[in-house]
Amino acid sequence: MTNWPRRVTVIDVTPRDGLQDACGEISTLQKVQLIQELYAAGVPSVEVTSFVSPRWIPRLSDAEAVARGVAEYPGTIGLIPNFKGYQIALKSGVKAVTFVVSASQRHQQDNLRMSLERSLEELRQIHSANEGAGMQIRGAISCSFGSPYSEENITATQVARIARELVASGVSELGLADTVGVGTPQCVSEVIDEVRKALPQIPLVLHLHDRYGIALGNAVVALERGVTRFETALGGLGGCPYAPNAPGNLNTETFVFWMHRMGIQTGVHLPALASTREWLLNALNTSAEAGVAAGEDQPSRHEYDEDLASE
């Protein structure tokens with residue numbers, strides 16, 4: 001029988017992944033408010049922004065201001081692609097950074113504009129500079145379960161090799177990302193098993209994009225393998241501007257709701273989460289939620305109240 005975890009950790013990536021290519025924009029103050037409301041709802045960790053050149057991700061050009069606006073909160077994370085991003089993140093007050101590479105050579109070049117070898121050199125420089133700073137350095141592998149490009153075949157062995165290189169270069173936690181939502185339960189299980197075999201002690205994080213509603217099934221496969229940290233986004237928002245046809249993220253509400261149904265604790269208050277999602281979509285002036293089938297409405301905060309009261 002499966003030994004399900006008693007609790008999982010939700011890392012909400014809405015302010016970064018959810019907003020970087022959303023339909024509509026919000027102000028810096030509204031981004032700070034969004035992060036504050038996520039913490040108020042009980043989300044323990046939030047990816048607040050990405051420290052990249054505004055030329056590549058113009059909607060996150062206010063990264064430093066956003067990070068400073070929530071510097072007092074625990075568990076704040078900033079995504080970084082290089083040493084320069086690390087330097088800015090360090091000054092901005094985030095508690096951790098996620099250094100990202102890709103298992104897809106073409107996506108690595110399109111998204112990061114450097115080879116994997118060059119990225120690893122940047123990471124080693126970050127690790128050396130961070131010895132006196134004490135910031136947590138997380139790693140993430142985009143396209144861990146499949147490439148945006150049909151000519152590329154990404155294997156579990158390949159992902160495990162990159163994972164070993166990231167850990168050897170100084171990361172303390174490793175994210176596996178289904179950037180284009182093509183992972184299946186079989187593929188996800190193979191990759192997790194191969195990475196676990198190579199790095200049995202490293203904590204794993206699963207970052208799922210939701211094509212055809214399969215992300216929740218992939219999350220269950222990960223739970224069966226002891227993964228307890230998951231990155232999600234409100235309303236299923238998100239996607240990678242440099243990965244063709246990337247779908248939105250696994251919906252935070254959907255994930256939290258099903259964890260609670262399974263008797264797995266998250267510490268997140270669903271009605272508060274629903275209220276924040278309603279406010280955010282209204283601020284973005286959109287009702288299009290990537291993680292919800294066409295014509296299907298998300299529950300309101302009042303419906304969550306009623307449902308939870310009946311349990």
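These numbers were taken from a predicted model, which means no experiment stands behind them. When reading the values below, keep in mind they use all heavy atoms of this one structure, side chains included, and skip hydrogens, waters and symmetry mates.
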Given side chains that start at C-beta, do those of Pro203 and Leu174 come closer than 4.5 Å, heavy atoms only? no
Has Ser61 got a side-chain atom pairing as donor or acceptor with Ile57's backbone, closer than 3.5 angstrom? no
Only residue of Ile26, Thr28, Leu34, Val32 satisfying side chain to side chain contact (heavy atoms under 4.5 Å, CB included) with Gln30 is Ile26
Nearest 0.5 Å please: distance from the CG atom of Asn111 over to the SG atom of Cys143. 8.0 Å
Roughly how far, to the nearest 0.5 Å, is CG of Leu38 from CD of Gln33? 10.5 Å
Partner residues of Glu122 under the salt bridge (charged side-chain N to carboxylate O under 4.0 Å, His left out) criterion, sequence neighbours left out: Arg118
Write down the atom of Phe51, the atom of Gly78, and the distance for their closest heavy-atom approach. CE1-CA, 3.8 Å
Less than 4.5 Å apart, side chain to side chain, heavy atoms only: is that true for Ile162 and Leu120? no
Report the C-alpha distance between Arg138 and Glu231 in whole Å, list the side-chain angles of each, state the deciding distance to 0.1 Å, and finish with yes or no for salt bridge (charged side-chain N to carboxylate O under 4.0 Å, His left out). CA-CA 13 Å; Arg138 308 166 78 235; Glu231 295 184 343; 3.1 Å; yes
Val97 and Val205: same hydrophobic cluster, using ILVMFWY side-chain contacts below 4.5 Å? no
So, using salt bridge (charged side-chain N to carboxylate O under 4.0 Å, His left out) as the criterion, who are the partners of Arg164 when residues are at least two apart? none
Worked verdict on Ile80 versus Thr98 for side-chain contact (heavy atoms from CB on, under 4.5 Å): CA-CA 6 Å; Ile80 60 169; Thr98 299; over 6 Å; no
Ile11 and Val268: same hydrophobic cluster, using ILVMFWY side-chain contacts below 4.5 Å? no
For residues 152-161, the salt bridge (Lys or Arg N to Asp or Glu O under 4.0 Å) pairs (sequence neighbours left out) are Arg161-Glu165
Find out if a path of hydrophobic residues (ILVMFWY) with successive side-chain heavy-atom gaps under 4.5 Å connects Val13 to Val256. no
Decide whether Phe99 and Leu176 are clustered together by the hydrophobic rule: side chain heavy atoms of Ile, Leu, Val, Met, Phe, Trp, Tyr closer than 4.5 Å, transitively. yes
Applying side-chain contact (heavy atoms from CB on, under 4.5 Å) to Met259 and Phe230, what does each step give before you reach the verdict? CA-CA 11 Å; Met259 291 305 98; Phe230 294 84; 5.8 Å; no
For the CG atom of Leu116 and the CD atom of Glu121, what is their distance to the nearest 0.5 Å? 10.5 Å
Cluster partners of Ile214, using ILVMFWY side-chain heavy atoms under 4.5 angstrom, listed by chain and number? none
Taking only distance into account, with no hydrogens and no angle test, what donor-acceptor pairs under 3.5 Å do side-chain atoms of residues 87-95 form with protein atoms, sequence neighbours excluded?
{"residue": "Ser92", "atom": "OG", "partner": "Ile88", "partner atom": "O", "Å": "2.8"}
{"residue": "Lys95", "atom": "NZ", "partner": "Ala71", "partner atom": "O", "Å": "2.4"}
{"residue": "Lys95", "atom": "NZ", "partner": "Tyr73", "partner atom": "O", "Å": "3.0"}

When Val180 is tested against each of Ser104, Pro148, Ser147 for side chain to side chain contact (heavy atoms under 4.5 Å, CB included), which residue passes? Pro148
For the residue pair Val195 and Ile141, establish whether any side-chain heavy-atom pair is separated by less than 4.5 Å. no
Taking all non-hydrogen atoms of both residues, which atom of His107 and which atom of Ser102 are closest, and how far apart? ND1-OG, 3.0 Å
Smallest separation among heavy atoms of Pro5 and Ile264, with atom names: O-CG1, 3.4 Å
For Asp12 and Leu234, which heavy atoms make the closest approach, and how far apart are they? OD2-N, 3.8 Å
Measuring from Leu273:CG to Thr232:OG1, what's the distance to the nearest 0.5 Å? 8.0 Å
How long is the gap from OG on Ser128 to CZ on Phe83, to the nearest 0.5 Å? 8.5 Å
Report yes if some heavy atom in the side chain of Val52 is under 4.5 Å from a heavy atom in the side chain of Asn82; otherwise report no. no
Exam field: side chain Glu47 to backbone Thr14, donor-acceptor pair closer than 3.5 Å: no
Are Glu194 and Lys197 close enough, and set up right, to give a salt bridge (charged side-chain N to carboxylate O under 4.0 Å, His left out), and what steps lead you there? CA-CA 5 Å; Glu194 195 70 20; Lys197 186 167 65 175; 3.6 Å; yes
Just wondering, more than 12 heavy atoms not from Trp258 lying within 6.0 Å of its CH2? no
Quick check: does any side chain N or O of Asp210 sit under 3.5 Å from a backbone N or O of Ala215, one acting as donor and the other as acceptor? yes
Roughly how far apart are Asn249 CG and Arg16 CZ, rounded to 0.5 Å? 7.5 Å
Shared hydrophobic cluster, Ile77 / Val171 (ILVMFWY, side-chain heavy atoms < 4.5 Å): no
Quick one: does any side-chain atom of Tyr39 pair with a main-chain N or O of Ser45 as donor and acceptor, under 3.5 Å? no
Near Gln105 CD, under 6.0 Å, is it more than 12 heavy atoms from other residues, nucleotides or ligands? no
How is the hydrophobic cluster of Leu29 composed, in terms of its other members, when Ile, Leu, Val, Met, Phe, Trp and Tyr link through side-chain heavy atoms under 4.5 Å apart, directly or indirectly? none
Could I get the full list of salt bridge (charged side-chain N to carboxylate O under 4.0 Å, His left out) partners for Glu151, not counting sequence neighbours? Arg106
Counting only pairs under 3.5 Å, give me each side-chain donor-acceptor contact of residues 220-229, with atom names and distances, residues two or more places apart or in other chains.
{"residue": "Arg225", "atom": "NE", "partner": "Asp193", "partner atom": "OD1", "Å": "2.9"}
{"residue": "Arg225", "atom": "NE", "partner": "Asp193", "partner atom": "OD2", "Å": "3.3"}
{"residue": "Arg229", "atom": "NE", "partner": "Glu173", "partner atom": "OE2", "Å": "2.8"}
{"residue": "Arg229", "atom": "NH2", "partner": "Glu173", "partner atom": "OE2", "Å": "3.4"}

What is the minimum heavy-atom distance between Ala103 and Val159, and which atoms define it? CB-CG2, 4.2 Å
Residues Gly183 and Asp178: closest non-hydrogen pair is N-OD2, 2.9 Å
Please collect all ring-ring contact (aromatic ring centres under 6.0 Å, His included) contacts where either partner lies in residues 156-181, sequence neighbours excluded, each pair once. none
Can you tell me which residue pairs pass the salt bridge (Lys or Arg N to Asp or Glu O under 4.0 Å) test with a partner in residues 27-46, sequence neighbours excluded? Lys31-Asp62
Using a side-chain heavy atom cutoff under 4.5 Å and only I, L, V, M, F, W and Y, what cluster partners does Val100 have? Leu79, Leu112, Met114
Can you tell me if His127 and Ser169 form a side-chain donor-acceptor pair at under 3.5 Å? no
Distance alone, cut at 3.5 Å: any donor-acceptor contact between the side chains of Ser115 and Gln109? no
Can you check whether Ala133's main-chain N or O pairs, donor with acceptor, with Asn130's side chain at less than 3.5 Å? no
Which ring-ring contact (aromatic ring centres under 6.0 Å, His included) pairs, counting each pair once, include a residue from residues 150-209, with sequence neighbours left out? His207-His209
